[in-house]
Protein chains: 2
Amino acid sequence: MASSIHDLARHLNISIGTVSRALNGRADVNADTRQRVLDAAKRLNYSPNQSGRALRQGATHSIAFMLQPHPGDQQYGEPFFIPFLIGLQAKLAEHGLDLMVVMGEPGQYQQERLRRVVETRLVDAVVLANTRREDDRIDYLSKAGFPFATLGRSQSGGDTYPSLDIDFERAGDEAVDRLVARGHRRIAAIRPSLDLNFGYLFLDGYRKALKRHGIEVDPDLIADGFINEAGGYQVTPQVMRSKDPPTAIIFNNDAMALGGCKALAEMGIKPGHDMAVIVIVDTPLCRYFSPTLTAFRPALEAMGRRLAEMLLASLPAFAGPEGPRIIREVWPLELVARESD
Amino acid sequence: MASSIHDLARHLNISIGTVSRALNGRADVNADTRQRVLDAAKRLNYSPNQSGRALRQGATHSIAFMLQPHPGDQQYGEPFFIPFLIGLQAKLAEHGLDLMVVMGEPGQYQQERLRRVVETRLVDAVVLANTRREDDRIDYLSKAGFPFATLGRSQSGGDTYPSLDIDFERAGDEAVDRLVARGHRRIAAIRPSLDLNFGYLFLDGYRKALKRHGIEVDPDLIADGFINEAGGYQVTPQVMRSKDPPTAIIFNNDAMALGGCKALAEMGIKPGHDMAVIVIVDTPLCRYFSPTLTAFRPALEAMGRRLAEMLLASLPAFAGPEGPRIIREVWPLELVARESD
DNA sequence: TGTGTTCTCGTAAACGTTTACGGAAAAACG
DNA sequence: CGTTTTTCCGTAAACGTTTACGAGAACACA
């Protein structure tokens with residue numbers, strides 16, 4: 001079925017070397033023979049065998065995206081990542097690269113999978129998501145000298161790799177700004193308890209804005225929970241039990257916000273009415289929940305394309321006209337005002 | 001960095017053949033030397049190079065999942081597929097297989113990508129989603145003799161490949177049953193206009209149940225639209241303009257249901273109140289929409305695992321104790337009763 | 001002791017590419 | 001016409017594996 005370069009060579013009575021050079025657009029091949037080779041390739045339906053190619057070139061022409069579902073998130077995974085993946089894949093495809101998605105078991109740390117992917121030379125580079133504040137995957141990749149890029153920042157690994165992140169700090173800041181402008185002074189912040197880096201960034205922005213407005217940061221209004229609906233449900237009552245309860249809550253995650261709203265409802269508190277709610281990262285759920293949730297929306301698909309560009313620029317094989325490498329980029333979020341605040 | 005089998009051989013003063021046999025658990029190698037090889041492999045951090053392995057064995061040990069976003073679906077893609085992918089990947093990983101996700105541009109037919117994946121021997125098998133009633137991808141794969149499995153049925157290709165599908169027919173049937181039991185006689189059906197096979201199946205069940213209840217099938221109550229929110233929004237008023245408008249609508253897709261509910265709201269009709277609404281495939285959106293939408297829920301993750309098993313059983317390299325091959329399986333959906341009907 | 005069997009390992013080819021090297025033929029140049 | 005350059009192509013090695021084959025050594029058996 002699959003014809004090899006040898007078949008072409010035999011068929012045309014020339015050597016495999018010439019065939020290969022012709023196909024790869026090398027200069028040292030007669031225009032005439034090149035045409036004959038191309039014709040034959042089309043006629044015999046030739047496509048280069050990836051394994052042979054990869055072995056010889058030491059490059060597989062594929063990139064791995066490591067996706068790690070959060071624990072307890074088994075039911076619907078991360079719709080968040082789909083548009084990002086679409087963008088990532090589209091840009092990679094433009095350069096002839098394929099995307100391999102590697103998922104771990106929910107909650108299981110991916111070091112083993114990552115090591116295998118790297119050591120077995122399964123791909124040419126990896127893209128990490130769910131970056132932790134201290135991320136041993138990043139340490140490992142840096143130390144191994146393996147090309148990678150991250151969706152999300154981390155404190156690990158220094159400034160040596162391309163990373164693209166959302167401006168959680170500014171989002172936290174703007175959320176507070178907006179709420180203060182609407183008269184709120186008691187503003188709670190609920191974020192995931194894991195070491196996920198964006199939780200810290202969000203809180204930084206939150207604190208900064210409060211200070212700017214001369215509002216004291218009240219530790220009772222800051223809570224961490226599991227990064228899923230149950231977590232939000234569980235932790236929201238906690239801030240409500242403060243001596244001086246909040247009139248607004250900023251959730252750092254959509255699933256947590258949904259759980260939180262459920263908890264509020266059970267306490268007889270109506271989000272968007274008795275309680276202002278803002279979500280930092282918008283997902284379709286925010287748009288359809290009732291009340292619709294005011295949220296900050298990232299340009300996920302564009303980010304996917306961008307991170308692909310940044311990664312490619314860091315790969316020797318693809319680095320174009322040698323401009324300065326883009327190491328870090330932080331993208332703003334767009335506020336989508338809805339009913340909940 | 002990466003050590004090869006030659007490094008091990010040189011290090012242990014034995015031949016690469018012996019090293020390879022030791023690593024692969026072949027019988028004709030001394031227990032002692034095997035242990036030395038394994039030790040050295042661990043110490044030198046050896047992992048077999050995938051490309052070399054694949055080239056020699058003619059098998060890449062990876063599977064492609066072809067995901068094709070529907071046109072107009074660019075914003076949030078298909079959260080539907082994530083849990084399926086998690087299950088698929090988990091089961092494949094148990095057998096040492098990797099998953100490659102190939103996404104096309106939304107709306108673009110994937111023949112070209114598919115051909116490339118197959119002809120370059122990028123993977124050992126593919127899993128198709130979004131199966132059409134007549135699907136030339138299936139025709140192509142069958143003709144090429146390339147191993148594959150499908151999520152969703154099709155009329156193409158005969159019964160020669162493993163396929164796993166949801167029982168849309170029964171869901172359509174049960175939905176009508178439920179609505180009739182609640183007193184409805186004018187029941188509309190809205191489904192995607194594409195050639196997606198499940199749209200036909202759903203309608204079969206819908207018609208069958210109506211007949212069983214002695215209700216005439218009214219073509220005015222059946223409408224096709226774009227398989228996204230805008231499509232539902234656009235097409236719903238169409239069935240409402242019937243001389244004898246429906247009191248219930250079954251939507252064959254969650255996004256279309258959301259658009260439909262929006263259209264209804266604008267007509268002053270409250271779903272769950274003035275109009276019963278049932279959705280055939282549940283997604284998280286159904287759970288959080290207001291009113292919450294009664295829907296049929298598939299066991300996506302389990303389906304992913306199952307389809308992986310079926311695919312593996314059809315691959316010569318993995319076919320276990322040679323039981324009968326599972327060719328087709330149709331899984332029931334579970335009704336999740338909520339507020340909308 | 002001779003013959004057959006078993007255990008263990010080395011040799012070398014093969015998978016499908018790409019590419020460094022060299023050489024023959026053609027072209028350019030004096 | 002002789003020399004140099006250019007054009008074009010074949011040869012062969014290499015990437016890292018796996019595996020068929022065969023051979024030497026050890027062992028069993030009579």
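Numbered from 1 within each chain, the chains take letters A, B, ... in sequence-line order.
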Requested in this report: Could you list where the contact with chain A starts and ends along DNA chain C, reading 5' to 3', using a 4.0 Å heavy-atom cut-off?
Outcome: dG16(C) to dA20(C)

Report summary line: Test side chain to side chain donor-acceptor pair (under 3.5 Å), reference D39(A), set R36(A), K42(A), Q35(A), output is Q35(A)

Query - Given DNA chain C, 5'-ward residue of the pair N13(B) and I16(A), judged by closest heavy atom - result: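 Upstream on the strand: N13(B).
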
Under 4.0 Å, heavy atoms only, any strand: does [X] hit a base, just the sugar-phosphate, or nothing?
X: G58(B); value: nothing
X: S20(B); value: base
X: S47(A); value: sugar-phosphate
X: D28(B); value: base
X: R26(A); value: sugar-phosphate
X: S51(B); value: nothing

Query raised in the report: In degrees rounded to 10°, what angle is found between the helical axes fit to the five outermost pairs at each end of the helix from dT1(C)-dA30(D) to dG30(C)-dC1(D)?
Result: 50°

Taking 4.0 angstrom as the limit, do [X] and [Y] come out as a salt bridge?
X: R116(A); Y: D98(B); result: yes
X: R137(B); Y: D135(B); result: yes
X: K91(A); Y: E301(A); result: no

Query raised in the report: Any donor and acceptor pair, going by atom type alone, linking the side chain of D7(A) with main-chain N or O of S4(A) inside 3.5 Å?
Result: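 A pair under 3.5 Å: yes.
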
Requested in this report: Output yes when a side-chain donor or acceptor of R121(B) lies under 3.5 Å from a complementary backbone atom of L55(B), and no otherwise.
Outcome: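 It does not hold such a pair.
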
Query raised in the report: Are a donor atom and an acceptor atom from the side chains of N197(B) and S154(B) found within less than 3.5 Å of each other?
Result: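 No, S154(B) and N197(B) have no side-chain donor paired with an acceptor closer than 3.5 Å.
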
Report task. Please work out which of the three classes, parallel, tilted or perpendicular, describes the rings of F84(B) and F65(B), given edges at 30° and 60°. Result -> tilted

Query raised in the report: For DNA chain D, whose closest nucleotide is more 5', that of L55(B) or that of G17(B)?
Result: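 Between the two, 5'-proximity favours L55(B).
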
Query raised in the report: Quick one: is dC9(D) close enough that its OP1 or OP2 comes under 4.0 Å of any side-chain N or O from T18(A)?
Result: no

Query raised in the report: Just wondering, are more than 12 heavy atoms of other shown residues or ligands nearer than 6.0 Å to NE2 in H11(A)?
Result: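 Not more than 12 within 6.0 Å, no.
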
